[in-house]
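In what follows, a single structure is set out as structure tokens and then discussed.
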Amino acid sequence: MGKVYYISKNVGLGLLVLGVSALATIIALSIAYDKEKAKNQGRPGDGAADSTSMPTPPATLFTPKEPWDRYRLPDSLVPVSYNVTLWPRLEPNADGLYIFTGHSAVVFKCVKETDLIIIHSNKLNLTNFHGHLAKLSGLDEVTAPTIQKSWLVVKTEFLVLQLRSRLAVGATYVLYIEFQGELADDLEGFYRSEYTEDGVKKVVATSQMQATYARKTFPCFDEPAMKAVFSVTIIHKRGTVALSNGREIDAADGVIDGMPVKVTTFEPTERMSTYLLAFIVSDFVSIQSNQNNNLLIRIWARKKAIDDRQGDYALNVTGPILQFYERYYNATYPLSKSDQIALPDFNAGAMENWGLVTYRETALLYDPIVSSTGNKERVTTVIAHELAHMWFGNLVTLRWWNDLWLNEGFASYVEYLGADYAEPTWDMKDQIILYDMYKAFAVDALASSHPLSCREEEVNDPAQISEMFNTISYNKGAAVLRMLSEFLTEPVFARGLSSYLNTFAFDNTEYTDLWDHLQKAVENTPGIHIPHTVHDIMNRWTLQMGFPVVTIDTRTGSISQKHFLLDPDSVVDRPSQFNYTWFVPIKWMKTGVEQQQYWLLQKTDTNSLMRVSGQDWVLANTNVSGYFRVNYDLENWSRLLSLLNTNHKALSVINRAQIIDDAFNLARAKIISTTLALTTTKYLSKEKDYIPWESVLRNLNYYILMFDRTEVYGALQAYLKKQIQPLFEHFRTITANWTRVPSGHTDQYNQINAIGIACSMGVRGCRELIRGWYRQWMETPNHNPIHPNLKSTVYCSAIAFGGTEEWDFAWMKFKNTTVASEASRLRAAMACTKTPWLLNRYLEYTLDPTKIRKQDATSTIQYIAQNVVGLPLAWNFIRARWSYIFQQYGKGSFSFSSLISGITKRFSTEFELQELKKFKEDNLHVGFGSATLALEQAIEKTTANIKWVTENKAQVLKWFTEASK
Ligand SMILES: *[C@@H]1O[C@H](CO)[C@@H](O)[C@H](O)[C@H]1NC(C)=O
Ligand SMILES: *[C@@H]1O[C@H](CO)[C@@H](O)[C@H](O)[C@H]1NC(C)=O
Ligand SMILES: *[C@@H]1O[C@H](CO)[C@@H](O)[C@H](O)[C@H]1NC(C)=O
Ligand SMILES: *[C@@H]1O[C@H](CO)[C@@H](O)[C@H](O)[C@H]1NC(C)=O
Ligand SMILES: [Zn+2]
């Protein structure tokens with residue numbers, strides 16, 4: 001699936017710190033990247049405890065007696081093809097229920113003798129044929145055994161048929177089933193989405209199959225390795241349009257059960273996995289192009305959105321991105337069409353259904369008038385992510401969900417390459433540092449992290465499968481694959497990749513198959529040398545959790561590695577067969593000159609080339625191409641710091657950012673002093689670039705969170721005010737006194753940071769500027785004078801410094817806007833008010849779906865908790881209603897686990913720790929579902945925060961006080 005950003009990435013920051021009041025949402029970054037995932041826990045009543053078992057190895061070994069009590073399908077039957085007919089009703093029946101009906105015929109082959117047919121079916125009512133739930137027949141003159149007994153197993157989501165005799169190995173059979181299901185608004189399987197246009201309620205039938213919901217739409221062998229060809233027919237109301245994975249080949253009017261309908265049939269799909277199927281009935285319209293050799297490319301959305309040309313940008317970039325991947329993978333686009341559709345209600349950020357990709361509106365639609373640069377970038381990267389899956393994931397599919405990290409990590413890496421091709425002036429390839437690597441570093445530096453890869457037996461039930469959709473899979477996956485591509489070099493990586501894709505097209509693999517093909521590419525390329533095989537090198541990065549900090553002592557040339565843990569006192573209780581050492585590829589430079597890549601293969605080593613003196617300096621992990629942090633002896637640190645102060649442009653933007661980010665994290669881990677880390681920010685009064693600033697702000701955000709309720713905050717504010725002032729003036733100048741936006745893509749982001757921070761730190765003129773803009777808008781509500789880029793920041797501070805009038809104006813705009821990205825900005829900004837009763841009222845709104853959509857409830861509560869005034873209110877709110885929130889929102893919302901981590905971000909006192917523990921105890925009977933792990937991590941982080949504050953508060957206060965003079 002694609003990513004989920006609750007707020008568009010670049011907007012977050014400004015907002016963040018900006019909140020002066022520390023509405024500090026920067027943190028939102030961490031939420032922001034919670035990439036997609038469909039949802040979490042398992043079915044109600046089906047062992048909330050199961051859902052937590054994921055990365056805890058080894059899963060409790062209980063051996064079910066009967067094959068239908070296991071979660072995995074037996075290996076005796078293999079599907080070949082399906083005919084599926086579905087008829088969703090977009091109006092409720094006499095009982096007020098929205099339903100769909102359908103029938104399916106699956107052709108399957110028996111490959112091992114058995115007298116049982118086990119096929120997935122969940123929440124479907126099956127028609128009874130003479131006492132049985134299905135009809136079985138043989139193909140090619142084979143006589144099928146008669147059915148003795150048939151029944152459904154709710155827990156494992158199976159339909160089971162006990163036969164009177166055995167199926168013959170090698171023979172092919174057809175199983176025919178008729179069924180009826182509910183077209184619920186649960187965002188799972190075939191579901192109903194509602195929206196209002198021009199005051200009229202509209203209903204859309206749409207689907208989300210990943211990971212285990214195809215079985216809720218029709219009975220099927222619902223595992224990714226059970227690939228088959230699907231011939232789909234959809235019956236639908238006249239005047240609506242039906243879409244599926246294949247191109248529509250016929251659409252005829254008919255009358256069924258006395259109802260006039262349209263019957264749309266689709267060309268048979270390629271051999272594919274059930275989780276990539278999609279079925280949609282709507283009154284949406286599309287725009288299209290045939291720019292890629294007759295490949296039909298369409299963008300679908302609500303009519304109004306298409307009329308407003310909000311789909312144009314997506315259509316513009318899709319063709320080039322597909323062309324880029326065709327060249328990169330050296331494989332043509334495998335299908336005859338590419339549909340992409342924006343849905344008003346969608347749980348994940350996007351889903352890569354083969355040939356019919358579904359998106360949240362904010363991930364596909366772009367309105368040149370109201371959307372920001374950040375919104376546009378999000379559209380580009382999410383499209384690039386989903387289209388990358390059309391080959392990697394869809395054409396070639398991992399056998400089982402334990403390898404999900406490879407599928408998602410891969411798409412999360414190459415999305416930057418695809419987006420860079422579509423928008424070459426944006427420096428997209430640099431941004432992976434901010435959006436994937438830093439995020440992975442943060443989670444993977446905890447003792448509670450887990451390895452990328454896990455064994456197939458550890459992932460069985462749907463809850464365990466859902467837990468695989470996490471930061472480690474997406475972000476660390478992306479980081480280590482990028483490192484692999486960097487040390488193999490991109491041409492070799494691409495060659496191995498292409499050979500892998502061509503070899504396994506329409507089939508399934510395990511992650512080691514990719515290593516094999518990359519290894520072959522290495523062996524076939526003269527001049528490329530790696531010190532071990534791709535397998536052996538990558539095993540260190542995928543089979544053990546965490547990553548190393550590499551320490552270079554430039555006085556001696558000694559170089560060593562150590563497992564990096566953010567909290568040095570934490571205890572790692574997960575053993576590693578490699579003893580937490582890695583094979584580390586180190587790209588490095590000496591005094592500005594790129595050196596030959598160095599491999600650190602043991603715990604310690606010496607490289608005399610790294611011994612320097614005088615003015616010379618060493619910088620390792622250039623462009624952060626490796627997934628590790630770097631520390632130096634103090635002399636080299638001080639040479640790097642003085643270089644930053646005298647000539648920071650001697651280092652690339654990424655390396656400037658890296659020095660800062662490594663320093664702050666090493667300080668957190670007590671490897672270097674806090675004051676050394678803070679000193680890396682001194683040169684900032686000269687820095688104009690986005691990535692280093694963003695890096696600093698994210699790191700200082702931790703200081704803001706820990707101290708914005710203490711006296712340290714005043715000194716911090718004074719320092720940051722001094723540092724941001726020149727940047728604020730710089731942007732005032734280059735935008736001709738704020739009358740236009742900077743031309744550079746990342747400069748536009750940095751302008752947002754500059755204004756956001758300047759306002760929260762009290763730079764003269766900033767608040768007045770912002771309040772003036774917002775006032776102007778309130779006076780002419782139909783004409784918004786605020787540039788889309790600046791809206792988030794301006795809305796948030798205007799509401800923070802304003803009162804009820806500003807808030808109510810935002811609410812009115814929120815209810816009336818038809819632009820999804822504008823709605824999310826307003827929704828975030830309304831959490832910025834410092835008025836407690838407004839915040840409490842807003843919290844109440846989150847549980848009323850007529851006010852805040854269900855899909856947005858948990859992220860809205862988090863926004864409120866980012867606000868220093870809102871935090872205690874939000875915490876009381878969720879504690880008081882945990883069981884209700886859990887019942888109502890725990891299941892439909894993938895952001896559920898970030899609710900806990902979001903709310904507890906500032907926790908840093910013994911009292912808060914006790915409250916957290918009590919919360920856990922008090923609600924054990926309710927459970928925490930997908931938030932279970934997050935709760936454990938929150939307890940761990942709070943403990944670490946308490947310690948950090950105790951140890952650092954005095955020196956931080958002193959440092960800021962002196963530095964701000
Ligand atoms: C599937 O549909 C096709 C086209 O209508 C038909 O020829 C074929 O017999 C059907 N297969 C099964 C197993 O019903
Ligand atoms: C399925 O059957 C149950 C029990 O008869 C009934 O309550 C439910 O409404 C049915 N569901 C649908 C979608 O028809
Ligand atoms: C799409 O491309 C056309 C033609 O290049 C261009 O005129 C238009 O501005 C683009 N639209 C968007 C939203 O980028
Ligand atoms: C691209 O694919 C073709 C056909 O599969 C193959 O002959 C060629 O070597 C590939 N090129 C690269 C650069 O891998
Ligand atoms: Zn994905």
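Indexing begins at 1, ligand by ligand and atom by atom, following the structure's order. Just so you know, residue 1 is the first one in the sequence shown, and it goes up from there.
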Quiz item: So, for Tyr328 and Tyr421, is the gap between ring centers shorter than 6.0 Å?
Solution: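 Between Tyr421 and Tyr328, which both carry aromatic rings, the centre distance is not below 6.0 Å.
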Self-check item: Sub-6.0 Å ring centroid separation between His120 and Phe221
Solution: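 Judged by ring-centre distance (under 6.0 Å), His120 and Phe221 do not meet the cut-off.
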Quiz prompt | Backbone of Arg164 reached by a side-chain donor or acceptor of Thr146 within 3.5 Å | solution =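 Pair absent, no side-chain N/O of Thr146 close to backbone of Arg164.
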Quiz item: Does an N or O anywhere in Gln180 fall below 3.5 Å from an N or O of ligand 2?
Solution: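 Yes; at least one N/O pair falls below 3.5 Å.
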Quiz item: Just which atoms of ligand 2 are under 4.0 Å from any heavy atom in Gly181?
Solution: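 With Gly181 as reference, the close atoms of ligand 2 come out as 13 (C).
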Quiz prompt | Side chain, backbone, both or neither: Val107 near ligand 1, heavy atoms under 4.0 Å | solution =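 Side chain only; the backbone of Val107 stays clear of ligand 1.
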Atoms in ligand 1 flagged as close to [X], the criterion being non-hydrogen separation under 4.0 Å:
X: Asn83; result: 1 (C), 2 (O), 3 (C), 8 (C), 10 (C), 11 (N), 12 (C), 14 (O)
X: Ala105; result: 14 (O)
X: Val174; result: 13 (C)

Quiz item: Which value, rounded to the nearest 0.5 Å, describes the distance between Leu322 atom CG and Leu335 atom CG?
Solution: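 Leu322 atom CG to Leu335 atom CG measures 10.0 Å (nearest 0.5 Å).
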Quiz item: Mind checking what residues have non-hydrogen atoms under 4.0 angstrom from ligand 3?
Solution: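 If the criterion is a heavy atom under 4.0 Å, then ligand 3 touches Tyr313, Asn316.
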Please tabulate, for the side chains in residues 137-144, all donor-acceptor contacts under 3.5 angstrom to protein atoms that are two or more places apart in sequence or on a different chain.
none

